Colleague: 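I have a structure here, written as structure tokens, and I will follow up with some questions on it.
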Amino acid sequence: MLTPREAFFGPTRPVPLTSASGEVAAEMVVPYPPGVPVIAPGELITPDKIDYLREEIARGVHVRGPADPELSTIRVVV
């Protein structure tokens with residue numbers, strides 16, 4: 001969708017994670033463990049990614065990268 005640089009440094013806004021499907025991510029989201037990025041800046045946020053992240057959070061996995069450490073919101077490109 002966009003380069004990581006364009007997405008990370010461009011204008012952004014927070015949206016609820018549950019409403020982010022179809023938006024372009026402005027930040028990295030990395031559940032740890034395993035430490036593999038699920039969402040990177042510039043990528044399209046899909047329902048599958050949202051479901052996976054919600055399941056991991058419910059299991060107690062730590063999420064690194066987003067401005068909101070609880071991941072109730074995610075920053076997306078305006």
Side-chain angles (χ1 to χ4, degrees):
M1 302 297 301
L2 295 173
T3 67
R5 182 178 179 80
E6 291 170 327
F8 187 82
F9 290 112
T12 65
R13 64 184 171 91
V15 298
L17 179 64
T18 56
S19 302
S21 182
E23 301 280 356
V24 176
E27 59 189 354
M28 179 103 37
V29 180
V30 183
Y32 187 82
V36 177
V38 173
I39 297 174
E43 287 187 349
L44 184 66
I45 301 171
T46 64
D48 289 342
K49 292 178 183 182
I50 293 169
D51 291 344
Y52 173 75
L53 289 169
R54 291 179 71 203
E55 289 171 10
E56 292 298 293
I57 291 167
R59 288 183 354 156
V61 168
H62 297 282
V63 178
R64 308 220 183 224
D68 177 1
E70 302 295 318
L71 200 57
S72 57
T73 63
I74 186 168
R75 299 205 58 82
V76 298
V77 177
V78 175

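What you see below is based on every heavy atom in this structure, not just the backbone, and it leaves out hydrogens, waters and symmetry mates. It should be emphasised that the depicted structure is a prediction, and the values quoted were computed from it without experimental measurement.
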Colleague: Donor-acceptor pairs under 3.5 angstrom involving side-chain atoms of residues 33-47: please list them, not counting sequence neighbours.
Modeller:
residue : atom : partner : partner atom : Å
E43     : OE1  : A40     : N            : 3.2
E43     : OE1  : K49     : NZ           : 3.1
T46     : OG1  : K49     : N            : 3.3

Colleague: Locate the shortest heavy-atom distance separating A26 from A7; write the atom from each residue and the value.
Modeller: CB-O, 3.5 Å
Colleague: Under 3.5 Å, side-chain donor or acceptor atoms of residues 70-78 against the rest of the protein: list the pairs with distances, not counting sequence neighbours.
Modeller:
residue : atom : partner : partner atom : Å
S72     : OG   : D68     : OD2          : 2.7
T73     : OG1  : D68     : OD2          : 3.1
R75     : NE   : T12     : OG1          : 3.1
R75     : NH2  : T12     : O            : 3.4
R75     : NH2  : T12     : OG1          : 2.6

Colleague: Membership question, hydrophobic clusters at under 4.5 Å side-chain separation (ILVMFWY): are I57 and V61 in the same one?
Modeller: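 V61 and I57: separate clusters.
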Colleague: Would a distance-only check, ignoring hydrogens and angles, find a side-chain to backbone donor-acceptor pair under 3.5 Å from E23 to A20?
Modeller: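 It does not hold such a pair.
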Colleague: Check the hydrophobic clustering (I, L, V, M, F, W, Y; side-chain heavy atoms under 4.5 Å; chains of links allowed) and say if V63 and L17 are grouped together.
Modeller: yes
